[in-house]
A.B. asks: 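Right, I'll just put the structure down here and ask away after.
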Amino acid sequence: MNDNELIFASEEPEYEIISDTTWSVLIIDDDHEVHAVTKLALHDFQFDNKKLNLVSAYNSNEAKEILSQNNDFSFVLLDIVMESNDAGIKVIEHIRNELDNKLIRIIIRTGQPGYAPEEEIINLYDINDYKEKTELTTTKLYTTARTALAQYKQLSELQKKTDELYHHLITDPITNLYSREKLYQDLEKLDNVGLLLIDIDSFSTINNAYGYTIGDSILKKVAKILNESNLDTKLMYRIESDNFVLLYQNKSDDFLLKTALKIKNVLVNKEFNIDDLTLLINISIGIANNPHNNLLQKAEIAVFASRQKQDNKIEFYSEELNTIKVINNNLLWSKRLTKAINSDNIITYFQPIVECKTQKIVKYETLVRLVYEDEVYSPFHFLGAARNAGLLTQITKIVFEQACKKFENNDLDFSVNITDHDLMNTDFANMLMSYCEKYNIQTNRISLEILEEESISKNIQALKNLTKLRELGFLLSIDDFGVEYSNFSQLKYLDIDSVKIDGSFIKDIDTNKYSKYVAQSILSYTSKINVKTVAEFVHSKEVFEEIKELGIDYAQGYYFGKPESELK
C-alpha cells in the first residue's frame with residue numbers, strides 16, 4: 001500500500017494526542033476527496049521542524065465533537081457549505097463564541113463563495129484566510145498553512161505571556177493562595193456568597209521582633225494548614241499582610257460559624273516551629289454572609305468587633321454592631337482632625353501636678369484639645385480616630401512643640417503624652433530633640449508619659465526609641481498604670497522614672513477598699529525599685545488625704561486645678 005492509498009483509506013474521525021513535535025490541523029469538509037487531496041498535498045509539509053497532524057471531520061457536528069475533546073488545534077481548513085448552507089458558519093461561531101478560542105486560525109475554503117460574504121465573515125470572526133477551493137493549489141496551500149502557523153505561534157506566545165502575567169496578578173507570591181485582585185473578581189461574578197476574614201492578632205509584633213523572614217514563614221504555614229484542613233472551599237486568598245479570606249456560596253450562618261471554629265481549632269495554640277523559634281498565634285475572624293454589597297468591608301467591620309471579645313473572637317457582621325457606630329464616629333472625627341491640623345486648631349491645655357507633701361505645683365501635664373466650630377473637644381472624642389487615621393505622631397509633634405514654646409521662658413517641668421505609634425517612628429527621638437534645641441529646653445525638664453494600645457515591652461523598635469530617649473536625658477513615665485498593658489511586668493523591661501496610677505483606682509479610693517488595695521500593691525512595688533508615683537483624678541479633699549497617707553508622691557486632678565490654656 002502506498003502513501004496515497006493510506007490517505008484515502010482513512011475516512012473515520014481521527015483523535016490523535018497533540019504532541020509538541022507536530023502541529024494539529026482540523027480539516028472540516030463533507031467532500032472525502034478534499035480530505036484526501038489536502039493530506040496528500042501537505043504530507044511532507046513542516047514548519048519550525050514540526051510536521052502536521054491532520055485530523056478529519058466530515059460535517060459540522062463531527063467537527064464540534066472533535067473540538068470539544070481537543071481545543072488545541074493550530075488551524076482549521078473549513079468548508080462553509082456542508083449539510084446546510086451555514087454549517088461552516090456554525091462551526092466558526094462554536095469555536096469563537098462557545099469554546100472562546102481566539103488562538104486557532106481559521107481558513108475558509110468554499111466551492112460556493114456566494115453563500116459566505118468574504119468581508120463580513122473575516123471581520124466578524126477573525127478569519128485568517130478565505131479562498132475558493134479552485135484557488136488552493138499545492139503551492140498556495142503551503143503558503144496559507146505557513147502564514148496561519150506563524151500567526152498561531154505568535155498569538156500562542158503572546159497568550160502564554162499574558163497568562164503568566166495574569167497568574168502573577170491573581171496569586172499571592174508568599175503563600176500561593178489567591179490574591180486580593182482575584183477576590184475582587186470572584187466577588188463580582190458570584191452570587192449568594194459568604195466570606196470569612198481571618199486576621200492574625202498582633203502580627204506586626206512578630207515581624208518587628210523576629211524579622212519579615214520569620215513572619216513570611218508563619219504566613220506560609222498558615223496557608224498550608226488552611227489548604228489541608230478540609231474547609232470545603234478552594235477559594236482561599238491572602239489579601240494583605242496577615243489577612244486571609246475564605247469564600248463560600250450558598251452556605252448557612254451555622255455552617256460558616258462551624259467552619260470558623262474549626263479554623264480556630266487548627267491555628268490557635270498550635271506551635272509554629274521556625275529555625276530555633278517556637279511561636280504561637282491568635283486570630284480574630286469576621287464573617288459576612290450574603291449582604292447585598294461591600295462584603296469584604298463588612299467582614300472587616302466584623303473582625304474589628306471580634307477583637308473586642310475575650311473568648312472565641314468570632315463575630316458576624318450585623319447592622320446592629322456597635323462597631324459600626326464606632327467606625328462612623330471615627331470617620332467623622334478623622335475629617336475634623338484633618339481640618340483642625342490644617343487650620344492650626346490642635347491646641348494645648350495644661351493641668352497642674354502637685355507634690356503631695358508640700359501641695360506645691362511642681363510640673364504641668366500638657367493635654368491636647370481640638371477646636372471645632374468654636375467648641376473645644378478632649379481626646380476622648382478623637383483619639384481613636386487619630387489612631388485609625390495614622391495621625392497620632394503628627395498630633396504628638398504639634399503638642400510637643402507647643403509645650404516647648406509654652407515653657408521656654410520659665411523653669412517649670414512638664415510632661416507630654418506619647419503613644420506606642422510614636423515609638424515605632426525611627427526618627428521620633430531626633431524629632432523631639434530638635435524642638436528642645438529650638439526652644440532651649442533641657443530634656444530633664446520633660447517627662448514623656450507613654451500611652452499604650454498594646455504592650456511595648458517586646459517591641460524592638462519601641463525599646464530602641466525608649467533607650468535613646470533615656471540617653472538624651474528625657475524622663476519616662478507609664479500612664480494609666482494598673483490597667484490594660486500597663487502592668488508590673490512592663491517595669492522589668494523599661495527604665496521608668498514614674499508611673500501614673502490609673503484614675504479608676506483613685507477617684508473612689510476613699511470609699512472603695514479594692515481601689516485602695518490596688519494602689520497599695522503598686523506603691524509596695526514601686527518603692528522597692530525607686531519609681532515615683534502620680535495619682536490622677538484627685539477630685540476632692542478626702543481623696544487627696546487618702547493618697548497622701550498612702551505615700552503617693554504627686555497628685556493631679558480638679559481638686560488642684562482643671563486643664564486650662566494658660567498656666568496658673
Side-chain angles (χ1 to χ4, degrees), residues 161-208 211-229 231-251 256 259-260 262-264 266-267 272 281-307 313-317 321 323-324 327 330-331 334 387-390:
K161 291 178 181 177
T162 302
D163 290 345
E164 289 174 353
L165 289 171
Y166 181 68
H167 176 76
H168 288 306
L169 177 68
I170 67 169
T171 305
D172 171 54
I174 294 176
T175 64
N176 286 324
L177 299 179
Y178 288 132
S179 66
R180 177 183 282 268
E181 179 61 32
K182 181 64 163 62
L183 174 63
Y184 287 153
Q185 292 177 13
D186 290 342
L187 289 174
E188 279 287 323
K189 66 185 181 184
L190 298 177
D191 296 320
N192 198 24
V193 175
L195 186 152
L196 270 66
L197 175 59
I198 305 163
D199 179 83
I200 302 176
D201 296 345
S202 303
F203 185 72
S204 61
T205 303
I206 294 175
N207 280 333
N208 292 329
Y212 287 95
T213 300
I214 299 297
D216 288 350
S217 295
I218 292 285
L219 296 174
K220 291 175 185 176
K221 287 178 179 289
V222 168
K224 186 173 186 292
I225 291 169
L226 292 175
N227 265 320
E228 294 175 352
S229 295
L231 299 173
D232 199 26
T233 183
K234 297 296 183 184
L235 298 177
M236 297 185 185
Y237 316 76
R238 174 180 171 258
I239 58 172
E240 63 182 322
S241 184
D242 57 340
N243 286 348
F244 294 81
V245 166
L246 274 63
L247 217 56
Y248 293 90
Q249 272 193 291
N250 303 311
K251 297 296 184 182
L256 296 179
T259 303
K262 184 175 182 179
I263 292 168
K264 285 197 70 72
V266 297
L267 289 178
F272 290 82
I281 65 170
N282 201 359
I283 60 174
S284 302
I285 300 179
I287 306 172
N289 195 16
N290 197 32
H292 296 296
N293 50 44
N294 299 325
L295 194 70
L296 180 58
Q297 181 184 31
K298 290 173 179 177
E300 289 171 344
I301 292 171
V303 163
F304 187 85
S306 75
R307 292 199 193 104
K313 301 183 79 173
I314 297 171
E315 185 65 80
F316 276 87
Y317 173 82
L321 280 177
T323 304
I324 297 175
I327 290 172
N330 282 342
L331 289 172
S334 292
R387 180 176 291 277
N388 289 321

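All residue numbers in this chain count up from 1 along the given sequence. The analysis underlying the following values was restricted to heavy atoms, covering all of them including side chains, and did not include hydrogens, waters or symmetry mates.
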A.B. asks: Is a donor from one side chain sitting under 3.5 angstrom from an acceptor on the other, for D186 and Y237?
C.D. replies: yes
A.B. asks: Do F244 and T175 have side chains that get closer than 4.5 Å, going by heavy atoms?
C.D. replies: yes
A.B. asks: Report the C-alpha separation of I283 and K264 in whole Å, then their side-chain angles, then the decisive distance to 0.1 Å, and conclude whether the side-chain contact (heavy atoms from CB on, under 4.5 Å) test is met.
C.D. replies: CA-CA 7 Å; I283 60 174; K264 285 197 70 72; 3.6 Å; yes
A.B. asks: Is the CD atom of E188 crowded by more than 12 outside heavy atoms at less than 6.0 Å?
C.D. replies: no
A.B. asks: First locate atom NZ of K298, then atom CG of N290, and finally report the distance between them rounded to the nearest 0.5 Å.
C.D. replies: 10.0 Å
A.B. asks: Please report the C-alpha distance between V222 and D242 in whole Å, then the side-chain angles of each, then the deciding distance to 0.1 Å, and finally whether the side-chain contact (heavy atoms from CB on, under 4.5 Å) criterion is met.
C.D. replies: CA-CA 10 Å; V222 168; D242 57 340; over 6 Å; no
A.B. asks: Go through the steps for Y317 and L295 under the test side-chain contact (heavy atoms from CB on, under 4.5 Å), then give the verdict.
C.D. replies: CA-CA 9 Å; Y317 173 82; L295 194 70; over 6 Å; no
A.B. asks: Looking at every heavy atom in both S179 and L169, which two are closest together, and how far apart are they?
C.D. replies: OG-O, 2.7 Å
A.B. asks: Nearest 0.5 Å, what's the OH-CG distance between Y248 and L256?
C.D. replies: 7.5 Å
A.B. asks: For I263 and L226, work out which heavy atoms get closest and say how close.
C.D. replies: CG2-CD2, 4.1 Å
A.B. asks: Which heavy atom in L267 sits nearest to a heavy atom in F272, and how many Å separate them?
C.D. replies: O-CE1, 3.9 Å
A.B. asks: For E315 versus A305, what's the shortest heavy-atom pair and its separation?
C.D. replies: CG-CB, 3.8 Å
A.B. asks: Working to the nearest 0.5 angstrom, can you tell me the gap between F203 CZ and N243 CG?
C.D. replies: 10.0 Å
A.B. asks: Does either side chain, that of S284 or that of D201, offer a donor lying less than 3.5 Å from an acceptor on the other one?
C.D. replies: yes
A.B. asks: Looking at CD1 of I287 and CG of L196, how far apart are the two atoms once the value is rounded to the nearest 0.5 Å?
C.D. replies: 4.5 Å
A.B. asks: Tell me, do L235 and L190 make a side-chain contact under 4.5 Å, heavy atoms counted?
C.D. replies: yes
A.B. asks: Rounded to the nearest 0.5 Å, how far apart are CD1 of I174 and CD1 of I218?
C.D. replies: 12.5 Å
A.B. asks: Quickly, which of K220, K224, K182, M236 forms a side chain to side chain contact (heavy atoms under 4.5 Å, CB included) with L177? Name it, please.
C.D. replies: M236
A.B. asks: Step by step, work out the side-chain contact (heavy atoms from CB on, under 4.5 Å) result for K251 and N289.
C.D. replies: CA-CA 8 Å; K251 297 296 184 182; N289 195 16; 5.5 Å; no
A.B. asks: As an exercise, state the distance from CG of L231 to OG1 of T259, rounded to the nearest 0.5 Å.
C.D. replies: 6.5 Å
A.B. asks: Please check: side-chain N/O of R238 versus main-chain N/O of S241, any donor-acceptor pairing under 3.5 Å?
C.D. replies: yes
A.B. asks: Search all heavy atoms of R307 against all heavy atoms of K313 and return the closest pair with its distance.
C.D. replies: CA-CE, 4.1 Å
A.B. asks: Give me the atom names and distance for the closest heavy-atom approach of G286 to A302.
C.D. replies: CA-CB, 3.6 Å
A.B. asks: Tell me if a side-chain donor or acceptor on N294 pairs with a main-chain N or O of Q297 at a distance below 3.5 Å.
C.D. replies: no
